[in-house]
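The structure appears below as structure tokens.
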Protein chains: 2
Amino acid sequence: MDQMVKDFNVSCTNCSLDEICLPRGLSQQEVENLSIEVKSNISLQKGDYIYRQGDEFNMVAAIKSGSAKLVSNDGAGNEHILNVLLPGELIGFDGLFQNKYNCSAIALENLCYCVLPVGKLEGLCAKIPGIARELLKHSSEAINESQSQVMASKSSAEEKVAKFLINLSDRLKSRGYSAVQFNICLTRQELGEHLGLTLETVSRTLAQFQNIGFLNVQRKLIEIKDLQGLRQIFTA
Amino acid sequence: MDQMVKDFNVSCTNCSLDEICLPRGLSQQEVENLSIEVKSNISLQKGDYIYRQGDEFNMVAAIKSGSAKLVSNDGAGNEHILNVLLPGELIGFDGLFQNKYNCSAIALENLCYCVLPVGKLEGLCAKIPGIARELLKHSSEAINESQSQVMASKSSAEEKVAKFLINLSDRLKSRGYSAVQFNICLTRQELGEHLGLTLETVSRTLAQFQNIGFLNVQRKLIEIKDLQGLRQIFTA
DNA sequence: CGTATTATTGACTCCATTCAAAGATAGTGG
DNA sequence: CCACTATCTTTGAATGGAGTCAATAATACG
């Protein structure tokens, strides 16, 4: 018996991340229109690139599972980890300005992501009323995020590490993961590159938090034992 | 004799800043459509607010003359100057995400600006094909700017001050002002709040640059005597 | 002219870096 | 399974750059 064949590709319309990803502010009809243009579930292994700094800007991507890092090289040989990305988060907006990516996106573990090709963007903005607003909103979120990082850069090592852990915890929680136990997929070196500290200082600060009783640290596995205490480090 | 009365309001169509401001990527027809919605030439005095942190997001603004600073308060009493704004630069995108401004914009001297009301935005995006792209591009530029500030925050006091001066010099030059002599409208305190340094360190670093022969410093008036030398501080 | 604000300069302190060494863990191949 | 290696992490000691505290100087402003 003939039957309509359902497309089994996970699309935006039935994605569990639709509340935190691009579709969050769109109507069901709009999401369906968006869904058609999105290439979903591309998978990568640890260390693989989603895109490279300097590459021509050709897509905006959404992390579907796993995590990634945004790495920027300033030309003088210094690498900085701009951000760590979790499922539902969008990347690539930095490439719009000069039509090439301003940083590299690299998988920190096995990872799936979706792609919105840049060629479809202008058409989508015309066809889907809400999409321009949502894209701008996501950009605005990225601006806010960068700005709070700039502000955090003035603070002490303890505050930096505490803020990073709390921020990660909050974001994991809002995605349905445990807020108190998680794997930071970064080495101490990478944590340092993200926070503007040396790897030794990161190590010492984590050890200190463990001694106080705020954390249990086993290499990359972090257990937050006193979220409140950790929070007070930078609200005090 | 009856004659068409020309509107003498300076509008986007005949603004000298059209190559660096919002209209930069739009066709003449598109700029005319944009121009209708833009309220131009609002003037302020030193210290006045363009908008305040926490205010409802209701417009994107473009500096027309004079300069402004973006100030963010982190709630723990720390103020940070996110950026200094020059003619032709757009502000307010940070407000899109949460529908309220993430920082305050304050005039550093007598200042004129134009306003694009947020209510007109969605309509404009639909009516003017290029406008969504241009807005996104400006957001992307803001992201890139913030990201390079994050990276710069790791560097030494000398590098920070040198980068700030070079950056300002470049932007002034592209706007037709002198690249080698200008008035930084910020106090040492404010410079410090922008660069993540104390006012004393800023003062000492400027004095040092003067001793080397890179600068002539007379309070807020800066003369760059050796742009090349200044540049080498952070390219070396 | 007097006051408030802003800027400079010096001496001392402290936090994070640097340098160094040793320990822990994961992965590989015999 | 163990040995071997590479990578990552921890910890200690010494150093240094920017912060802090304090006093003075220069400028702006009513």
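Each chain gets a letter, A, B and so on, in the order its sequence line appears, and its residues count up from 1. Every value quoted in this text rests on a predicted model; they were computed, and no experiment measured them.
By the 4.0 Å N-to-carboxylate-O rule, B/E141 lies close enough to B/R24 to be salt-bridged with it. Ionic pairing of B/K220 and B/E190 is not present here: no N-O contact between side-chain nitrogen and carboxylate oxygen is shorter than 4.0 angstrom.
Considering only side-chain atoms of A/R219, the nucleotide from D/dT11, C/dA7, D/dT9 that sits closest is D/dT9. Nearest to the side-chain atoms of B/L197 among the listed nucleotides D/dA18, D/dT10, C/dA16 stands D/dA18. The side chain of A/S203 approaches D/dT9 more closely than any other nucleotide in the set D/dT9, C/dT8, C/dA16.
Remark: B/R188 is in phosphate contact with C/dT8, judged by side-chain N or O atoms under 4.0 Å from OP1 or OP2.
We find that CD of B/Q208 is positioned 17 Å from C1' of C/dA7, with the value rounded to whole Å. One can place CD of A/Q189 at 9 Å from P of D/dT9, the figure rounded to the nearest angstrom. Put simply, CG on B/L221 is 16 Å from C1' on D/dA26, counting in whole angstrom units. Atom P of nucleotide C/dA7 and atom CD of B/E193 are separated by 12 Å, given to the nearest angstrom. For B/K46 and C/dT6, the NZ to C1' distance is 11 Å, given to the nearest whole Å. The distance from atom CD of A/E158 to atom C1' of C/dT17 is 16 Å, rounded to the nearest whole Å. Per the geometry, CD belonging to A/E159 stands 12 Å off P belonging to C/dC15, to the nearest Å. Going from atom CG of B/L191 over to atom C1' of D/dA18 covers 16 Å, rounded to whole Å.
As judged by a 4.0 angstrom heavy-atom cut-off over every strand, A/K160 is placed among residues making no nucleic acid contact. A/T201 comes within contact range of at least one nucleobase, with a heavy-atom separation under 4.0 Å. Nucleic acid contact class of A/G192 (heavy atoms, under 4.0 Å, all strands): none. Across all strands shown, A/K220 has heavy atoms under 4.0 Å from sugar-phosphate atoms exclusively, and none from any base.
Between the side chain of B/R204 and the base of D/dG17, no donor-acceptor pair under 3.5 Å is found. Side-chain atoms of A/E200 and base atoms of C/dC19 include a donor and an acceptor less than 3.5 Å apart.
Taking the six-membered ring for Trp and thresholds of 30 and 60 degrees, B/F214 and B/F209 have ring planes inclined between 30 and 60 degrees apart. Ring-plane geometry between A/F93 and A/H138 is classed as parallel, the angle between the planes falling under 30 degrees on a 0 to 90 degree scale with a further cut at 60.
Of the residues listed (B/L22, B/L17, B/D18, B/V38), the one engaging B/C12 in a side-chain contact (heavy atoms from CB on, under 4.5 Å) is B/V38, and it is the only one.
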